[in-house]
Amino acid sequence: MNSVKFWRDLPEQFEDALQRARRLEIPGRLQISSRLVVNYAKPQEVLIVGMGGSAIGGDLLKDWALGSVAVPLEVCRDYHIPIYAGSKSLVIAVSYSGDTEETLSAFIEAVSRGCMVVAVTSGGILAYLCRRMGIPMVELPGGMVPRSAIAYLLFPLIVVLEKLGLVSGIEGELQEAIEILRRIRDEVVPEVPITKNRSKRLAAVLSDSIPVIYGDRFSRGVALRSRTQVNENSKLLALSGFLPELDHNDVLGWEAPVEYTKRFTVVFLRTADDAQEMKLRAELTRDLIADKAKRIVEVFPEGSSLLAKMLSIMYIVDVASIYLAVLNGVDPTATTSINKLKSQLGDRTKVIDHVKKEVDAILD
Ligand code: F6R
């Protein structure tokens with residue numbers, strides 16, 4: 001199955017993504033038109049603009065950047081960028097297909113406001129518009145489903161931050177992450193039996209129940225990613241949350257009658273938050289809901305750096321969502337409802353026509 005090939009090649013895709021991103025040249029000054037000049041320098045804030053599988057790299061980046069990037073970093077899943085975004089903001093527009101209307105709309109808004117815009121895409125309208133305006137762009141290989149292109153949708157973001165002086169000295173961390181992913185791959189591939197394969201075991205535990213995926217401050221994005229992987233690959237509804245926030249709302253949901261709560265299997269993603277208060281919270285929360293959930297399982301990370309820890313648990317759960325699709329007899333690569341909505345909207349909103357006209361007006 002094609003999807004298995006994508007997941008098998010994930011470590012090599014991270015390597016390739018790194019090389020592609022490193023080839024990116026960001027100009028100091030970009031004259032887009034006689035009226036619009038952009039100066040690329042160390043930004044005061046970062047916005048990652050994208051939707052779905054293309055936005056999630058931004059969430060992973062945000063968790064990873066918590067302790068290392070000294071400026072605010074937000075993920076923007078919208079047609080519009082926030083009012084504060086301007087010439088000192090770095091806006092990375094990420095769309096695997098390059099044709100997502102919300103991303104294109106936010107992209108052109110950022111260009112018009114003189115933001116430092118960089119695009120990450122495999123082609124489509126986004127690539128075409130970047131070429132017309134000279135906007136720097138990391139070009140990705142085509143032919144994948146966006147969610148399986150996570151390597152290409154994450155590493156270029158890190159490299160762009162590095163190129164603009166927001167992070168440094170990260171080579172060791174990137175290489176460790178790739179190494180750890182190779183090790184995980186050897187464990188989770190289809191040839192390895194369930195007794196030795198954490199992804200197969202997780203899929204088996206999740207079948208016949210509704211997954212509830214809980215992260216912590218460093219696996220907030222991975223928990224969201226895991227939920228959406230279950231949605232998109234396994235074609236199932238799922239819930240996600242993260243500590244400490246879930247101790248202030250979700251826990252009350254677990255007070256529901258046990259006939260109801262017994263349908264849910266909880267997956268705790270344990271990452272790198274070794275703070276005493278967080279460990280205690282995770283244990284107490286687990287004990288609180290132990291008798292209410294169908295099952296509670298934990299996924300532990302590998303590696304020593306934060307990136308390796310985040311990506312190792314992501315890889316295990318991602319592959320589990322593919323096995324879950326197989327167990328449920330559905331095609332993990334299909335995106336029927338997403339495509340249907342995109343085309344129904346595109347025919348009526350005319351956002352893309354509007355974006356193209358904006359570009360004509362800028363270049364006029
Ligand atoms: C993931 C997926 C969707 C897309 C989203 C945006 O595999 O298919 O979540 O990522 O619809 O499309 P792109 O990524 O092409 O901008």
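Since the model is a prediction, treat every value here as computed from it, not as a measurement. Just so you know, ligand 1 is whichever comes first in the structure, and atom 1 is the first atom listed for that ligand.
Side-chain N or O atoms of N197 include one that pairs as donor or acceptor with a backbone N or O of V189 at under 3.5 Å. In this structure a side-chain-to-backbone donor-acceptor pair under 3.5 Å is present from T261 to K292.
Side-chain atoms of N231 and T228 form no donor-acceptor pair, as typed in the model, at a separation below 3.5 Å. A donor-acceptor pair shorter than 3.5 Å can be found between the side chains of S304 and E176.
Of all the atoms in ligand 1, the ones that sit under 4.0 Å from a non-hydrogen atom of Y96 are 13 (P), 14 (O), 15 (O), 16 (O). Interface of T100 with ligand 1, defined as ligand atoms under 4.0 Å from a residue heavy atom, comprises 6 (C), 12 (O), 13 (P), 15 (O), 16 (O). The contact set between ligand 1 and G52, taken as ligand atoms under 4.0 Å from a residue heavy atom, comprises 9 (O), 10 (O). Which parts of ligand 1 touch T335 is read off a 4.0 Å heavy-atom cut-off, strictly below it: atoms 8 (O). Of all atoms in ligand 1, listed by their number and element, those nearer than 4.0 Å to a heavy atom of M51 are 5 (C), 6 (C), 10 (O). Those atoms of ligand 1 that come under 4.0 Å of a heavy atom in S95, given as number and element, are 13 (P), 15 (O), 16 (O). Less than 4.0 angstrom separates some heavy atom of K342 from each of these atoms of ligand 1: 5 (C), 6 (C), 11 (O), 12 (O).
Among the atoms of V94, none of the N or O lies under 3.5 angstrom from an N or O of ligand 1. Considering backbone and side-chain N/O atoms, S148 never comes within less than 3.5 Å of an N/O atom of ligand 1.
At a 4.0 Å cut-off, at least one heavy atom of I338 sits close enough to ligand 1 to count as contact.
The nearest heavy-atom contact from the protein to atom 9 (O) of ligand 1 is G53 N, 3.0 Å. Among all protein heavy atoms, the one lying closest to atom 15 (O) of ligand 1 is S97 OG, 2.6 Å. Nearest non-hydrogen protein atom to atom 14 (O) of ligand 1 is S54 OG, 2.5 Å.
Enclosure of atom CG in L280 by more than 12 non-hydrogen atoms of other residues, nucleotides or ligands within 6.0 angstrom is indicated.
Comparing E232, Q229, R147 against atom 3 (C) of ligand 1, the shortest heavy-atom distance belongs to E232.
Side chains of Y152 and V138 form no contact here, defined as non-hydrogen atoms less than 4.5 Å apart.
Ring geometry for W254 against Y214 counts as perpendicular: the plane angle is over 60°, on a 0 to 90° scale with 30° as the lower cut.
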Full working for side-chain hydrogen bond (donor to acceptor under 3.5 Å, both in side chains) between E179 and Q175:
CA-CA 6 Å; E179 223 22 71; Q175 292 307 331; over 6 Å; no

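Shown are L157, L161, L47; of these, the side chain to side chain contact (heavy atoms under 4.5 Å, CB included) with L73 is made only by L161.
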